[in-house]
Amino acid sequence: MRPARRRPVEVVVDRVACTAHGVCAVMSDGAVELDEFGYPIPSRLTLTPDEARVLVEACPARALLLGRNA
Ligand code: SF4
């Protein structure tokens, strides 16, 4: 069995796919804020692997993508 990844990973917002649901802001414990139109700021986050997975799976528009290791 491979050991769990512990290195931080990047989560990137696909600004074309994002439909401004705001779920990411609610789920990110302060890491994501929303602009006046409901789009996330910043568009690139560095999170633990577990935080990143939860956030990516929570986005109803599938607009959060796992990027490279930070
Ligand atoms: S949850 Fe997804 S669709 Fe909603 S604001 Fe965040 S990135 Fe955009």
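Along the sequence shown, residues are numbered consecutively beginning with 1. First listed ligand is number 1; within each ligand, the first listed atom is number 1.
Between V32 and V13 the shortest side-chain heavy-atom distance does not fall below 4.5 Å. Annotation: side chain of L66 is in contact with side chain of V11 (closest heavy-atom distance under 4.5 Å).
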Exercise for review: For the pair S28 and L45, evaluate side-chain contact (heavy atoms from CB on, under 4.5 Å) and give the outcome as yes or no after the intermediate values.
Suggested key: CA-CA 10 Å; S28 71; L45 302 163; 5.7 Å; no

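P40 and R15 make their closest contact through O-NH2, 2.9 Å (heavy atoms, listed as atom of the first residue, atom of the second, distance). Nearest heavy-atom pair, D14 versus L65, reported as atom, atom and distance to 0.1 Å: CB-CD1, 4.1 Å.
For atom 6 (Fe) of ligand 1, the count of nearby protein N/O/S atoms, taking only those under 2.8 Å, is 1.
Listed by number with element, the atoms of ligand 1 under 4.0 Å from a non-hydrogen atom of T19 are 3 (S).
The number of heavy-atom neighbours closer than 6.0 Å to CG of D29, taken from other residues, nucleotides and ligands shown, is 12 or below.
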